[in-house]
Amino acid sequence: MKAWQLQDASGLDGLRKVEIDRPTPGRGEVLVRINAVSLNYRDLITVRGGYGSRQKFPLIPVSDGAGVIAEVGPGVRGWNEGDRVIGSFFENWHGGDASAEKMAAALGGSVDGVLCEYRVFPAHAVVAAPAHLSDAEAACLPCAALTAWSAVVKCGQVKPGDTVLTQGAGGVSLFALQFAKLAGARVIATSSSDARIERLKTLGADETINYRETPEWGKLARVLTGGRGVDIVVEVGGVGTLNESIRALRIGGMIGFIGVLAGEARQEPRLSLMVMQQQRLQGVTVGSIDDLKSMCAAIAENQLKPALDRTFSFDEAPEAFRYMSSGAHFGKVAIAIG
C-alpha cells in the first residue's frame with residue numbers, strides 16, 4: 001500500500017511517499033481502507049518534529065481519518081466489511097478519566113497515524129461515521145471536533161443561556177461554536193479579519209470581535225455580557241491570549257485550555273485575577289472513545305456538518321500541510337485518499 005512517512009525530524013523535507021506492506025488484522029482488530037484524512041495543528045507540530053521523545057521515525061503522520069472496514073479479524077463482533085468508520089485519537093482510552101496508560105497510544109505521534117491507504121485498528125477503537133457526512137467531513141471528527149466537544153459539553157457543561165467565547169476560525173474553534181449553539185448558548189467569536197467575521201456569523205456567532213482592531217478584546221467581551229463576563233472561553237491561542245481570556249471570563253467561569261497558536265506571552269499572566277475570581281483553567285486533550293460515540297450521536301441527530309475549507313489529493317499531502325501552515329484556511333483541511 002501507499003503511505004506518507006516522516007523519515008526524520010527535518011520537517012516537510014522529511015515527508016516521503018513510500019510503498020509498504022498492507023497490514024493484516026489480528027484477533028480483535030479490523031482493517032480500514034482509509035478514504036480521507038483531515039489535518040490538525042497538532043499534525044503540523046508533529047511534522048515539524050515538535051512531538052518530543054514520544055515521536056518515532058519513520059512515522060506515518062496524521063491522527064484523523066475516515067474510511068470503510070475492508071477486513072474483520074478473528075473474534076470481532078459488531079463490525080462487518082463495508083461499515084463506514086472513524087478511528088479514535090487515543091486507541092486505549094475507552095472511557096472515564098484520562099491516565100498515562102489511556103493516553104499512551106496517540107495516532108500520528110507515539111504510534112503510526114492514518115496518512116496511508118490502509119490501517120489496522122483495535123475493533124473497540126473505531127466508531128460508526130455519521131451517515132450524513134462525506135468521508136472528508138467524517139475525518140474531521142476524531143481530534144478537532146472531540147476536543148471542542150470536551151471543552152464545551154463534557155468539561156464546560158454548557159447549557160441554554162450560557163455565553164461561550166471562541167477564538168479564530170480553526171477547526172476546534174468552529175466546532176466549539178457549533179456545539180455551543182446546539183446547546184442553546186450565546187457565542188462571542190473573535191477573528192483577525194472582517195471577512196472571516198462575516199463567515200463566523202453564518203455559522204451562528206451572536207457577537208464578533210476583530211482582535212486586531214481591538215487588542216484588549218477581553219474587556220469588550222465583558223461589555224458585551226453586561227459586565228458579567230463569559231461562562232467559558234475555548235482557549236486555542238495559549239499563553240499568548242490567556243490574559244485576555246482571563247479578563248473576558250466571569251467569576252467562577254472556565255477556560256478550556258487547548259492550543260498554542262498565539263505563541264509566547266507578551267506579559268505575565270493575570271493569575272492573581274484568576275484566583276480572586278475563582279476561575280478554572282481546564283486543560284483539554286481530545287477525549288475518550290465513549291466521548292467520541294456520544295459526540296457522533298449528537299452530530300447525527302442534529303445533522304451538523306463540519307466547516308470544510310479545502311480537500312487535497314493524496315499526492316498533494318505536502319501542499320496540504322503548507323496550506324494549513326499559511327493560516328489561510330477557514331475550518332478544516334482534508335486529504336482524499338480513496
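- In summary, Arg119 and Glu91 engage in a salt bridge, as defined by a charged side-chain N under 4.0 Å from a carboxylate O.
- Within the 3.5 Å criterion, the main-chain N or O of Ser134 finds a donor-acceptor partner in the side chain of Glu137.
- One hydrophobic cluster holds both Leu39 and Phe314 under the rule that ILVMFWY side chains link at heavy-atom gaps under 4.5 Å.
- Using a 4.5 Å cut-off on side-chain heavy atoms (C-beta onward), Val32 and Val68 make no contact.
- Proximity of Met254 to Cys155: side-chain heavy atoms (C-beta onward) are separated by under 4.5 Å at one or more points.
- The minimum heavy-atom distance linking Ala328 with Asp309 is given by the pair O-OD2, 4.4 Å.
- The closest side-chain heavy-atom distance from Leu12 to Arg322 is below 4.5 Å.
- When all heavy atoms of Gly78 and Asp83 are compared, the closest pair comes out as O-OD2, 4.3 Å.
- With values rounded to the nearest 0.5 angstrom, Ser63 atom OG is found 4.5 Å from Asp43 atom CG.
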* Taking it one step at a time, do Tyr41 and Met324 satisfy side chain to side chain contact (heavy atoms under 4.5 Å, CB included)? -> CA-CA 8 Å; Tyr41 186 71; Met324 186 177 186; 4.2 Å; yes
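- With hydrogens and angles ignored, the 3.5 Å screen pairs no side-chain donor or acceptor of Trp79 with any backbone N or O of Gly82.
- Minimum heavy-atom separation, Ile60 to Val114: CG2-N, 4.1 Å.
- With hydrogens and angles disregarded, a donor-acceptor distance shorter than 3.5 Å links the side chain of Arg222 to the backbone of Leu249.
- Under a hydrophobic clustering in which Ile, Leu, Val, Met, Phe, Trp and Tyr are joined whenever their side-chain heavy atoms come within less than 4.5 Å, directly or via other members, Val230 and Leu220 fall into the same cluster.
- Contact annotation: the side chain of Ile188 approaches that of Thr225 to within less than 4.5 Å [non-hydrogen atoms, C-beta and beyond].
- The main-chain N or O of Phe321 is never found under 3.5 Å from a side-chain atom of Ser325 such that the two would form a donor-acceptor pair.
- Atom CD1 in Ile232 sits 12.5 Å away from atom OG in Ser245 (nearest 0.5 Å).
- In the hydrophobic cluster analysis, where Ile, Leu, Val, Met, Phe, Trp and Tyr join through side-chain heavy atoms closer than 4.5 angstrom, Val236 is grouped together with Val152.
- Checked for salt-bridge contact, Arg186 and Asp162 miss the test: no charged N lies under 4.0 Å from a carboxylate O.
- Judged by the 6.0 Å distance and 45° axis criteria, Arg310 is positioned over the aromatic ring of Tyr323.
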* **Leu133/Leu304 under side chain to side chain contact (heavy atoms under 4.5 Å, CB included): CA gap, chis, key distance, verdict** => CA-CA 9 Å; Leu133 298 183; Leu304 184 148; over 6 Å; no
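- Rounding to the nearest 0.5 angstrom, the gap separating the CD1 atom in Ile86 from the SG atom in Cys143 is 11.5 Å.
- With His94 contributing its side chain and His124 its backbone, the two residues share no donor-acceptor pair below 3.5 Å.
- A salt bridge does not link Asp206 with Lys201: every distance from a Lys NZ or Arg NE/NH1/NH2 to an Asp or Glu carboxylate oxygen is 4.0 Å or more.
- The two residues Asp8 and Gly14 come nearest to each other via the heavy atoms OD1-CA, 3.7 Å.
- When all heavy atoms of Leu107 and Ser88 are compared, the pair lying nearest together is CD1-O, 3.6 Å.
- Contact annotation: the side chain of Ile246 approaches that of Gln279 to within less than 4.5 Å [non-hydrogen atoms, C-beta and beyond].
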* To do: For side-chain hydrogen bond (donor to acceptor under 3.5 Å, both in side chains), just list the numbers for Ser191 and Arg199, CA-CA rounded to whole Å, side-chain angles, deciding distance to a tenth of an Å, and then say yes or no.
  => CA-CA 10 Å; Ser191 183; Arg199 297 184 70 180; over 6 Å; no
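- Remark: the backbone N or O of Val333 is not paired with any side-chain donor or acceptor of Ser38 at under 3.5 angstrom.
- A salt bridge links Lys17 with Asp315; the closest basic N to acidic carboxylate O contact falls under 4.0 Å.
- Open room surrounds CD on Glu301; 12 or fewer heavy atoms of other groups in view lie less than 6.0 Å from it.
- Between the CZ atom of Arg42 and the OG1 atom of Thr285 there is a distance of 10.5 Å, given to the nearest 0.5 Å.
- Residues Ile209 and Thr214 approach most closely at CG2-CB, 4.2 Å, considering heavy atoms.
- By the 4.0 Å N-to-carboxylate-O rule, Arg247 lies close enough to Glu216 to be salt-bridged with it.
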* Asked: Step by step, would you call Ser313 with Ile335 a side chain to side chain contact (heavy atoms under 4.5 Å, CB included)?
  -> CA-CA 6 Å; Ser313 71; Ile335 298 171; over 6 Å; no
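- Using modelled atom types and a 3.5 Å distance limit, the side chains of Thr24 and Glu29 yield no donor-acceptor pair.
- A 4.5 Å side-chain heavy-atom check between Gln167 and Trp217 finds at least one atom pair inside the cut-off.
- Two residues are said to be in side-chain contact when any heavy atoms from C-beta on lie closer than 4.5 Å; Asn40 and Val172 fail this criterion.
- Linking ILVMFWY residues whenever their side-chain heavy atoms come closer than 4.5 Å, directly or via other members, leaves Leu174 and Val286 in distinct clusters.
- Using modelled atom types, one finds no donor on one side chain facing an acceptor on the other under 3.5 Å when comparing Thr241 with Glu244.
- Distance CD/Gln7 to CG/Leu15: 8.5 Å, rounded to 0.5 Å.
- Side chain of Arg16 to main chain of Asp13: a donor-acceptor pair is present (N/O by atom type, distance under 3.5 Å, no hydrogens or angles).
- Between Asp291 and Lys154 a salt bridge is recorded (basic side-chain N to carboxylate O distance below 4.0 Å).
- The hydrophobic clustering, which links ILVMFWY residues whose side-chain heavy atoms are closer than 4.5 Å, places Ile299 and Phe89 together.
- Side-chain atoms of Asp21 do not come within 3.5 Å of backbone N or O of Pro23 as any donor-acceptor pair.
- Not a single donor-acceptor pair under 3.5 Å links the side chain of Glu235 to the backbone N or O of Ile255.
- With rounding to the nearest 0.5 angstrom, the CG atom of Leu292 is 8.0 Å from the CD1 atom of Ile289.
- Put simply, the side chain of Pro130 reaches to within 4.5 Å of the side chain of Leu141, judged on heavy atoms.
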* **Check against side chain to side chain contact (heavy atoms under 4.5 Å, CB included), Gln178 and Leu182** => CA-CA 6 Å; Gln178 292 173 297; Leu182 284 184; 5.7 Å; no
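- The closest donor-acceptor contact from the side chain of Glu316 to the backbone of Glu319 lies at 3.5 Å or more, if one exists at all.
- Taking the six-membered ring for Trp and thresholds of 30 and 60 degrees, Phe90 and Trp93 have ring planes inclined between 30 and 60 degrees apart.
- Here Lys159 does not pair with Asp231 in a salt bridge; the nearest charged N to carboxylate O distance is not below 4.0 Å.
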